[in-house]
Structure formats: C-alpha cells, structure tokens
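Remarks on the structure that follows.
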Amino acid sequence: MSKFKVGFVGWRGMVGSVLISRMVQENDFKNISSFFYTTSQVGEKCPFSFSDCDKLLDGYNLDELKKMDIILTCQGSDYTKKVYLDLRDSGWNGHWIDAASHLRMENDAIIILDPVNRDLIDSSFKQGIKTWVGGNCTVSLMLLAIHGLVKENLVEWVSSMTYQAASGAGANNMRELLGQMGYLYNSVSDLLHDKNSPILDIDEKVSESFEGKDFPKSYFGEALAGSVIPWIDSDLGNGQSKEEWKGPNETLKILNTNYEPFKVDGLCVRIGTMRCHSQAITIKLKKDLSEENVLQKISNGNDWVKLVPNDRENSIHNLSPTKASGKLDILVGRVRKLNLDNNMFSLFTVGDQLLWGAAEPLRRILSIITK
Ligand code: NAP
C-alpha cells in the first residue's frame, strides 16, 4: 500500500518544531511521505533528509496543496483563514489537521485530545469527518489532569486559575521575556555585587527600569518579568477574555456526549515562565469522596498523570514548570479536601503546553489517521 502524502505547514514555528522533533523521536516519518511547505521561503532547500521534497513548497499554492492526502498546519489562524475554505471549495477532500483555533468550534471539526475523546474521534472518523483541530493548551492540560474524575462523571464544576507561560504567546514573546529579565538584572548588577547595598535601593532601580524607554515590551506591551499580566487573548467586552471563554466551550466540545457536561470558569493569567502552564484548580464533585479515593481516581486517569504528594518538600521540588518542561508528564499535586465544603477539592497541575498543550495531540491524530 502506498504511504499517505502529508504536507506540513508551519513546521518552523514553535509548535511546528516541537511536533517535528516528537515525530522524529517516535520514528513517525517512516510511515508517511512528507512534504514541507512555507509561506516565506518557497524554493529554498528543505532541511529534512527524511522529506520527499528537496525544496520547500509554496503554502499558498492550492494546486501544490491538493496533491496531499493530509495537510498538517501549525502556521496559525490567519493562514487557515486564507487557505482552508478555498482548498475545500476546490474539491480537495483530504484530512486537515490544525493547531490554530480558527476552525475549532466549526460543526464539522473535532477538537482532538485522544486520551480523553478517542471514542468521539473514532465515531467521527467513521462518519467521514476530515477536519481535526488541537485544543486550547490550558483546556487540554486541565482535562488530562482531572481525566480520572471526568471519566467517572464525578465533576459538578471546575474553577481554574491559570499561570500561563510566555511560550503560549509565541517564540518572540519568549525571547522578550528573557530580554526583560536581562534588562532588569543589568539595571542593578553593580548593586547586587555589593553585599551591603540596601535592598530598597535595588527595588527602586528595578521599579524605574520597568518604565525605561529601552525596556523591551513590544510583544507583551507590558512587563512580564517581575510582574504578571492578568489578561490573555482578546477582550469579549463582558469582563471575560477569549482565553477564559475557551475553558467551558472547548471542554464541552471535547467531551461531547460521551461524558456528562460540567461547568468550567476562571481567570487566565500570563506569568514569566518559559513553556509550562500551571493551573490552581478548585473542583466541586457530585459526591463526598475521601481524599484517598480522589487521589486514586486522578492517578488512574491516563498514562501521563503523575501524582506529587501534597507536602512542602515535594510541592517545592517536584511540582513546578522546571520539572515538567520538555516532558509529557501531567504533574498533579496539592490535592486536598477544602474546608469550604465536603465535596470540594483543590489541586495544582503543571504540564508542558508545547507538548500535550499543542504538538502531541496533532502528532497522535496523524498517527491514528495513517494507521
Ligand atoms: P510561531 O512560532 O509564531 O510560528 C508560526 C510561523 O511563523 C512559522 O511557521 C513560520 O512560517 C513563521 N516565522 C516567521 N519568522 C519565524 C522565525 N524566526 N522562527 C520560526 N518561525 C517563523 O507560532 P506558534 O507559536 O508555533 O503557533 C502556531 C499556531 O499554533 C497558532 O495558531 C497558535 O495559536 C497555535 N497554538 C500555539 C500554541 C503555543 O503554545 N504557542 C499552543 C496551541 C496552539 P514560515 O516558515 O512559513 O515563514
């Protein structure tokens, strides 16, 4: 049987490069014929020895795209808006796999998170669905963290307060965060080297630096290093950010009718970490379960959940973005029955948002389709 022809668009960006490196790690390219498209470097040499094209193809050329059985794009919503409908209208009937949010809520698109909604993926595949979209990173990471409770239909509602990494905003934002850190450090490095310098002098200089005319903030628009930004994505005009809107709406779409629906709400906050999102979750269960029972159910959720004991040492040393970075683990700790109500629990979860939050569900749907 001939191999599926898969066209990759957006492979050079942050999500795309993580995807390619995971596919190389898992030896996925041996199962497909791969072709690489670009929106800016048409005709340049393709950098991958395993590719079936020598030169980079034009990501806007519908005739070139139509030759593919599957197109996998991590290029972003603007690209999807420009190409997707024209390609479908031209009669192309291949599988479209997308990291961008633009098509997520369309009726003929499935939000993919196969450890949670494999049944929905399989039934949709049988019905002829051919558009597969990765979910919002915090939603996917939250659902994986509480999967064990969700699959037993135990959840009444969830409130998630997020601590989201710079990587969620793109490669340039990650660079800017580090630029801000360097700028702040440089503004007080002489004082830091003098052990006797007063801390209030250091603090005053740092405060002044935030206002410095060279302080790098063209991507975030504000200081993230030494600060937080309590708004992510666009303003819906009702006090809610688009990122917060995705929580309940994408959750419902991912769970579909395979699970009982539950309410989700919360605040989304950008913090100065590199690529792992954390969430402080308050969860109201439908039943009064013991802490031990809840822990057991959470750890049975899926193969990636890793419980961290709720004590000081483990929480400080084993439950942080630095411990989740570059790994598929979904760390879950601080699980505790709250004093507010017998059915309420806290938990803190951390996951690499470029892996389970972005690239991994795309890699896995490609593998499901091609197998
Ligand atoms: P990105 O890093 O900004 O890359 C997008 C495209 O920008 C690249 O494919 C590349 O296209 C072009 N580009 C221009 N200059 C570049 C440079 N110096 N280095 C690398 N690429 C450059 O975008 P992304 O963060 O991967 O996000 C892609 C899509 O995934 C977006 O829709 C985003 O919303 C979605 N998503 C992102 C995340 C996340 O964590 N970042 C999570 C889930 C979903 P050409 O090669 O064609 O020029």
Side-chain angles (χ1 to χ4, degrees), residues 7-22 35-48 51 53 55-61 64-65 71-84 96-105 109 111-113 132-144 162-177 218-220 232-234 241-243 246-247 250 254 268 270-271 273-278 321 324-326 350-365:
F8 291 86
V9 194
W11 48 271
R12 183 167 85 96
M14 216 164 38
V15 176
S17 22
V18 171
L19 172 78
I20 301 297
S21 82
R22 278 291 295 140
F35 299 82
F36 291 84
Y37 291 74
T38 176
T39 61
S40 64
Q41 303 174 329
V42 181
E44 286 190 23
K45 191 171 165 9
C46 178
F48 305 116
S51 161
C53 59
K55 295 196 167 156
L56 296 177
L57 304 164
D58 183 353
Y60 291 120
N61 184 329
E64 286 290 348
L65 291 168
I71 292 169
L72 193 162
T73 167
C74 305
Q75 186 65 23
S77 283
D78 288 347
Y79 175 78
T80 303
K81 283 179 204 164
K82 264 193 197 135
V83 167
Y84 178 78
W96 178 274
I97 303 173
D98 204 331
S101 62
H102 177 61
L103 297 170
R104 269 186 208 146
M105 301 313 284
I111 303 182
I112 44 171
L113 188 61
W132 313 95
V133 188
N136 170 261
C137 37
T138 42
V139 175
S140 299
L141 294 171
M142 174 196 73
L143 285 175
L144 287 170
T162 75
Y163 304 76
Q164 296 183 223
S167 60
N172 288 321
N173 296 64
M174 287 173 88
R175 300 173 82 99
E176 187 169 270
L177 170 64
S218 49
Y219 289 96
F220 282 115
I232 298 177
D233 209 336
S234 51
S241 70
K242 180 79 185 290
E243 187 78 355
K246 290 172 187 168
E250 290 194 20
I254 291 170
C268 294
R270 183 81 66 205
I271 61 157
T273 49
M274 289 299 274
R275 60 180 274 179
C276 291
H277 288 349
S278 309
S325 187
V350 192
D352 187 318
Q353 69 94 20
L354 289 172
L355 286 167
W356 271 119
E360 194 64 7
L362 307 178
R363 186 190 78 75
R364 291 169 66 94
I365 190 73

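Counting starts at 1 for both ligands and their atoms, in listed order. Residue indices begin at 1 and follow the sequence shown.
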Closest non-hydrogen protein atom to atom 28 (C) of ligand 1, residue and atom name please, with distance? Cys74 O, 3.0 Å
Glu176 side chain to Tyr219 backbone, donor-acceptor under 3.5 Å: yes
Could you list the atoms of ligand 1 found under 4.0 angstrom from a heavy atom of Thr38? 45 (P), 46 (O), 47 (O)
In this structure, atom 46 (O) of ligand 1 is nearest to the protein heavy atom Arg12 NE, 2.7 Å
Residue-level breakdown please: for Asn136 versus ligand 1, do any non-hydrogen atoms fall below 4.0 Å on the side chain, on the backbone, on both, or on neither? neither
Which bit of Ser167 is near ligand 1, meaning a heavy atom under 4.0 Å away: side chain, backbone, both or neither? backbone
Does atom 34 (O) of ligand 1 have any protein heavy atom closer than 4.0 Å? no
Could you tell me the separation between the CG atom of Asn136 and the CD atom of Glu243, rounded to the nearest 0.5 Å? 4.5 Å
Identify the closest protein heavy atom to atom 26 (O) of ligand 1: which residue and atom is it, and at what distance? Val15 N, 2.8 Å
Glu360 side-chain N/O to Leu355 backbone N/O, donor-acceptor pair under 3.5 Å: no
Any donor-acceptor pair under 3.5 Å from Gln164 side chain to Thr138 backbone: no
When you measure from atom 4 (O) of ligand 1 to every protein heavy atom, which one gives the shortest distance, and what is it? Gly13 CA, 3.2 Å
May I ask you to decide if Ser17's main-chain N or O and Arg12's side chain share a donor-acceptor pair within less than 3.5 Å? no
Give the atom numbers and elements of ligand 1 that come within less than 4.0 Å of a heavy atom of Gly357. 43 (C)
Would you check if the side chain of Glu64 reaches a backbone N or O of Leu57 as a donor-acceptor pair within less than 3.5 Å? no
Can you tell which part of Ser77 has a heavy atom less than 4.0 Å from ligand 1: side chain, backbone, both or neither? backbone
Taking 4.0 angstrom as the limit and counting only heavy atoms of Gln353, give me the atoms of ligand 1 inside it, by number and element. 39 (C), 40 (O), 42 (C)
Can you tell me if Gln41 contacts ligand 1 (heavy atom of the residue under 4.0 Å from the ligand)? no
Which protein non-hydrogen atom lies closest to atom 23 (O) of ligand 1, naming both residue and atom, and how far is it? Met14 N, 4.4 Å
Answer yes or no: does an N/O atom from Thr39 fall short of 3.5 Å to an N/O atom of ligand 1? yes
Looking only at protein heavy atoms, identify the closest one to atom 6 (C) of ligand 1 and say how far it is in Å. Gln75 NE2, 3.6 Å
Using the ring of each side chain (for Trp, its six-membered ring), is Tyr84 parallel, tilted or perpendicular to Trp96, with breaks at 30° and 60°? perpendicular
Show which atoms of ligand 1 fall inside a sub-4.0 Å distance from at least one heavy-atom site of Gly10. 9 (O)
Short list, please: which atoms of ligand 1 are under 4.0 Å from a heavy atom of Ala358? 42 (C), 43 (C)
Closer than 3.5 angstrom, by distance alone: can the side chain of Asp98 be matched with the main-chain N or O of Val133 as a donor-acceptor pair? no
Quick check: does any side chain N or O of Arg275 sit under 3.5 Å from a backbone N or O of Gln353, one acting as donor and the other as acceptor? no
What residue and atom, counting heavy atoms only, is the protein's closest point to atom 30 (O) of ligand 1, and at what distance? Ala99 CB, 3.5 Å
For atom 32 (O) of ligand 1, find the nearest protein heavy atom and state the residue, atom name and distance (0.1 Å precision). Gly76 CA, 3.0 Å
Do any N or O atoms from the side chain of Tyr79 and from the backbone of Gly59 form a donor-acceptor pair under 3.5 angstrom? yes
Kindly say whether Tyr37 contributes a backbone atom to a donor-acceptor pair with the side chain of Trp11 at under 3.5 angstrom? yes
Check whether any side-chain N or O of Ser167 sits under 3.5 Å from a backbone N or O of Met274 as a donor-acceptor pair, and report yes or no. yes
With atoms numbered from 1 as shown, which atoms in ligand 1 lie under 4.0 angstrom from a non-hydrogen atom of Ala100? 32 (O)
